[in-house]
Number of protein chains: 2
Amino acid sequence: MVTIKEVAQRAGVSITTVSRVLNNPGYSISPATKERVLQAVAELDYRPNALARGLLKKGISAIGLVVPDISNPYYPEVVRGVEDVASRLGYTVILCNTDRDIDKVRRYVRVLLEKRVDGIIFAGGGIEGSDDDFLRPDLKVVLIGRHGLDLPSVQVNNVKAAFQATEHLIELGHRRIAAITGPEASTTSLDRLMGYKKALKEYNLPVDGSLIQKGNFRPEAGYQATKNLLSIEERPTAIVTANDQMALGAIRAIREAGLQVPGDISVAGFDDVCVASYFDPPLTTVSVPMYSMGVRSMEMLARLIANEKEKRRVVLETKLVIRQSTGPRYRREG
Amino acid sequence: MVTIKEVAQRAGVSITTVSRVLNNPGYSISPATKERVLQAVAELDYRPNALARGLLKKGISAIGLVVPDISNPYYPEVVRGVEDVASRLGYTVILCNTDRDIDKVRRYVRVLLEKRVDGIIFAGGGIEGSDDDFLRPDLKVVLIGRHGLDLPSVQVNNVKAAFQATEHLIELGHRRIAAITGPEASTTSLDRLMGYKKALKEYNLPVDGSLIQKGNFRPEAGYQATKNLLSIEERPTAIVTANDQMALGAIRAIREAGLQVPGDISVAGFDDVCVASYFDPPLTTVSVPMYSMGVRSMEMLARLIANEKEKRRVVLETKLVIRQSTGPRYRREG
DNA sequence: TTGTACGCGTTATCAA
DNA sequence: TTGATAACGCGTACAA
């Protein structure tokens, strides 16, 4: 790689001059030398070494983006939001997948710190317990979602959102409403479960443990959990799943049992991934502004980096989208 | 941030010694000093500056991963494959979304070069025409997919795969088979279209332009294209779409028209995204090993970086997965 | 076994 | 309008 020194030699000037031509547009330089420098740069295809610059300036205009698993359909949108803003602001995004493994988190944070990123965005949790690593006051951090850590964050009110989804089912006349959760470590899933319970209590419906099935955000889990639900004596007439994927699995299981959605059992999902409206039936779900969450978190981080004042917490709105996978409960027995 | 110098002072040794303790596990150092150094490192929470090291060693153990759009469900798997291997090999992944915009590609390549990445993986095309930027012989590049550039690449035989999908439909008795393509700039889509045409010719079926609809990989496009197809005089009895998303849209349009899948019209997708088997009906599609493509490309890049011998091209196998969205054509007319 | 000193490629300070 | 030169933080010959 050609260095600034070689450019200087070729142009017959000092490296200082080259640097000035390149980085100080306002600096007064004779047009002649400026021309020579620019030409040398072009001829040698010179690329300034960001590492050298970063060494001096501290920081390389990069941020770390830590997610559990990019192949979980929830995250790509978030990542895209982050990246769009980062790119616009001159930051580069280093992507890290942790599988919610705390050791991986630690390793990544270490690497990111060594690479002197300007900040880190943690999405989707899995970082509880590694406090010591990133609570360094000099490190700028933004969280996406609720992490049980007192750091700036972009959130969504999952409790309220799940409450609404459950309420929707209750208003349709459902009394036995099941829930299929995400992984136990996910606070998002926990909050959604809480909203579900809260709605039941609010409407004086019993919280029946057998109607709460553990899942993991994947369609298979929704499928299996639903098979379990269908096998219990008095089966539910509606199911809320902690994400859209599992709703798909649930619908499949219901149909395989010879039942209809929503005729026999209503199903509501969560997230509103882009294909949800193309499911069969189109999925009733809670729309979560994933892209916006990415955008906002990066904007927050940028302000934090610039040491500007910044809210500790931003809560974005969700929206219940009623499509055709939920419908009134027709009383069948009695 | 604390530097190696401060660690040295605190431990009462030279920076050389600190460096050796940290980087040369084999170097003979008195246990006593070693202990002191380690303690100082721990106490000060010292993090070596990767920028400084990178400046010296040239390169910062990072690679660039350029994709059109991470929120397109095709890429997250690929990205995950790349990242898994990169992480294992000690590389960090810088993610770039280009939207197939050549200017964005150029900007990103410039930034990556300045940051002295060790190599770049381009996935999904959109880089044709910016040759000058990355054909620098010193830059290690791996392509995922066919790019019309003579560089090391990981591919899938899309022509053959589409041929097989189409052949499958032909063998089921279909004669009027439609195709819904991806964006025109996508070589992947082009190849798939070519395989479709090839199959028709092979079986002496006419290639009817009105049966080829332009799409863009999104469900809406599949929906709209299918509505178009349903309105032509002699409508098709089968449809091959360039990806699974559009197949979803197609199925929706077919059902809205009061027709059945596959009873009236068979639909075959492409990619086999993870939820494809949970669609209704479970989607017949061509399974593309997205994760493996990511893995292999990063492995190739690592070998390139290490200046080891490396194949120019790896072609991975696809597999036609026959599920329930395709079925025999029942003659209805005449 | 340990330490000194140079250089990696830049930018910033100071002087001319 | 230009140019020496000193950092930035680290690794590594070379010395001791």
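Chain letters run A, B, ... following the sequence lines, proteins first and then strands; every chain starts at 1.
Put simply, CZ on A:Arg53 is 17 Å from P on D:dG9, counting in whole angstrom units. Between the CG atom of A:Asn24 and the P atom of C:dT10 there is a distance of 15 Å, rounded to whole Å.
Picking from C:dT10, C:dT1, D:dG11 the nucleotide with the shortest atom distance to the side chain of B:Ser28 gives C:dT1. The side chain of B:Ser19 sits closest to D:dG11 out of C:dA12, C:dG9, D:dG11. Considering only the side chain of B:Val13, C:dG3 comes nearest among D:dC8, D:dC10, C:dG3. Which of D:dG3, D:dG9, C:dT10 sits closest to the side chain of A:Leu55 comes down to D:dG9.
Comparing A:Thr16 and A:Thr3 along DNA chain C, the residue whose closest nucleotide (by nearest heavy atom) sits nearer the 5' end is A:Thr3. A residue-by-residue look at A:Ser30 and B:Asn23 shows that A:Ser30 has its nearest nucleotide of DNA chain D further toward the 5' end.
With A:Glu310 as the partner, the salt bridge (Lys or Arg N to Asp or Glu O under 4.0 Å) test is satisfied by one option alone out of A:Arg303, A:Lys140, A:Arg296: A:Arg303. Residue A:Ser19 is tested with A:Val7, A:Ile4, A:Asn24 for a side chain to side chain contact (heavy atoms under 4.5 Å, CB included); the sole match is A:Ile4.
In terms of phosphate contacts, B:Lys58 brings a side-chain nitrogen or oxygen within less than 4.0 Å of OP1 or OP2 of C:dG9. Taking 4.0 angstrom as the limit, B:Thr17 places none of its side-chain polar atoms (N or O) nearer than this to OP1 or OP2 of C:dT2.
A donor-acceptor contact under 3.5 Å links the side chain of B:Arg20 to the base of C:dG3. The base of D:dG9 is not paired with the side chain of A:Arg116 by any donor and acceptor separated by under 3.5 Å. Contact annotation: side chain of B:Tyr27 to base of D:dT12, donor-acceptor pair absent below 3.5 Å.
For B:Glu114 and B:Arg110, the salt-bridge test passes: some basic side-chain N is under 4.0 Å from an acidic carboxylate O.
Checking side-chain atoms of A:Asp99 against main-chain N and O of A:Asp101 turns up no donor-acceptor pair under 3.5 Å.
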